[in-house]
Protein chains: 2
Amino acid sequence: MTNRNVVSFENIKVACKNCSLATLCLPMGLSPEDMERLDSIVKRGRPFHRGDHLFREGDNLHSLRVITSGSVKTFTPSEDGGEQVLSFHLPGELIGLDAIQNECHTCSAKALETTAVCEIPFHNLEELSSSMPSLQHQMYRLLSREIGQDSEMLTLLGKKSAEERLATFLLSFSERFKKRGFSATDFFLSMSRHEIGNYLGLAVETVSRLFTRFQEEGLLHVERKHVQLLDLPRLATIVHGNENGRSHQRHV
Amino acid sequence: MTNRNVVSFENIKVACKNCSLATLCLPMGLSPEDMERLDSIVKRGRPFHRGDHLFREGDNLHSLRVITSGSVKTFTPSEDGGEQVLSFHLPGELIGLDAIQNECHTCSAKALETTAVCEIPFHNLEELSSSMPSLQHQMYRLLSREIGQDSEMLTLLGKKSAEERLATFLLSFSERFKKRGFSATDFFLSMSRHEIGNYLGLAVETVSRLFTRFQEEGLLHVERKHVQLLDLPRLATIVHGNENGRSHQRHV
DNA sequence: AATTTGTATTGAGCTTGATCAAGTGTTTTT
DNA sequence: AAAAACACTTGATCAAGCTCAATACAAATT
């Protein structure tokens, strides 16, 4: 007996036009027809598990990737086993842009939890974008945005104190979760304290101490990876240098 | 009496195809015909003097700019009069890429000395690139390269010690001067110690002390802005963490 | 349930590089 | 030429945040 009411996974049409992330992602600003053309080159593969590499430094660039669920860190490994975490990525975000220059990845990417991605073969995308000005425009915008974000990070690492760094980090995630329809004040961080510290240019212990201190000061409640932000306004003042009572501000 | 042998400045045809910087700049990889098309949208204006702004944070994006002579710093000013230096630019380098995202500059740019630039109106460039795949490709590459460079800078600020930072800085300039046909070991730095420190996330005093120490150790000779690198190999080992004798290496 | 392994927290002490301060040298202005 | 403004250097002191070490807690394995 065949049951015609059972929803078969094969029948779920995964497509850009149905995707809730479309406004955050490459199709942003594309017409429905253009979106279909983009859709035709996108591949959806098996999900990655925690710790899996999406790609490694040195791999040839094959595809750009958009996270559709889960989260990813990108990082540059160093000879001695260490690494520099470059960024954490949430659904809707495009990764692999660094690899366009030499058709070769300059960083590695690892899934922080079970993660699904759309793959967009770069050569197809490039070809498509040269016959689709709106897609070319969107690519320029996304590449430019990445540059702007990196600049903010340079300021964070060059000028900000440890507490400013962590507050900035937390508010960044708050805003990004909010944009994706999740709570801005109650979320799980998928990365370890070690990875947070690495990303922010701080030792693990410093990150741990700051979480404790922020909690003591009533700014947030934290238990392991679960974070609840209790005082967004005060966190925001910390981000902007805590004008009021900073005895020692870093060199300006 | 008219002297037909006198070279009039009006008769010097400034054009991409004659430009010694073409291989470093946008025309890289373009056919002679495509180069002429690009050339037709490029504007060459009056030179900027030391301290002049090429553009300011918040200005609308009008043109991307390529330095043709002189040098430029880009930086994000902060309310309190401070700034974060984002990069120093030499001839052949393209600036303003951060502004594509929102058609608005996210940083300011100032001439460090007398500086000439080519201006490339972005809307013309974008239009041209959608009918010229090689130009589109070159734009993607340049944007991607910028992202890669920023990542290296994140590692520098996140992980490296003061001496590693300064050595990296010096070798970077060494290589860039070399690529432009100048000496890799004898050059003038157009920025102040303060600007170097700001860029590297260090206090002026630290930069000054490091120059003194590097000189004492025979790595270089420095007098004011004039730098002579005396031991490139040893500087290179410092860049890569000085494997040998580092008592305390920063968290990895 | 017990063991192992990995992750996070907390404390004590130390180091790097910042800050403060004074002085020297250079460039610009008068 | 003198004065003023600015850039750089050098020294003394201090603190933010790192390292080391021990412990606590959680998750995975037996």
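Just so it is clear: chains get the letters A, B, ... in the order the sequence lines come, proteins before strands, and each one is counted from 1.
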(message) Can you work out whether A:Arg209 or A:Lys225 has the more 5'-proximal nearest nucleotide on DNA chain C?
(response) A:Lys225
(message) According to side chain to side chain donor-acceptor pair (under 3.5 Å), who are the partners of A:Arg224, at least two apart in sequence or on a separate chain?
(response) none
(message) Just the rounded figure in Å: distance from P of D:dT9 to CG of B:Leu210.
(response) 11 Å
(request) Would you indicate what B:Ser192 reaches in the nucleic acid, counting non-hydrogen atoms under 4.0 angstrom: base, sugar-phosphate, or nothing? (result) sugar-phosphate
(message) Looking at A:Phe177, I'd like to know if its CZ atom is crowded, meaning that more than 12 non-hydrogen atoms belonging to other residues, nucleotides or ligands lie closer than 6.0 Å.
(response) yes
(request) Give the rounded distance in Å between these two atoms: NZ of A:Lys159 and P of C:dT19. (result) 10 Å
Throw together a table of side-chain donor-acceptor distances under 3.5 angstrom for residues 205-212 of chain A, partners on residues two or more places apart or in other chains.
from, atom 1, to, atom 2, distance (Å)
A:Thr212, OG1, A:Ser208, O, 3.0

(request) Could you tell me whether A:Phe182 and A:Phe187 have their ring centroids closer than 6.0 angstrom? (result) no
Just list the side-chain donor-acceptor pairs under 3.5 Å for residues 57-68 of chain A, sequence neighbours left out, or say none.
from, atom 1, to, atom 2, distance (Å)
A:Asp59, OD2, A:Arg56, N, 2.8
A:Arg65, NH1, A:Ser63, O, 3.2
A:Thr68, OG1, A:Ala116, O, 2.9

(request) Determine to 10° how strongly the helix from C:dA1-D:dT30 to C:dT30-D:dA1 is bent, judged from the axes of its five-pair ends. (result) 40°
(message) Could you work out, with salt bridge (Lys or Arg N to Asp or Glu O under 4.0 Å) as the rule, every residue matching B:Arg180, not counting sequence neighbours?
(response) B:Glu93
Under 3.5 Å, N/O pairs linking protein and nucleotides 24-30 of chain C:
none

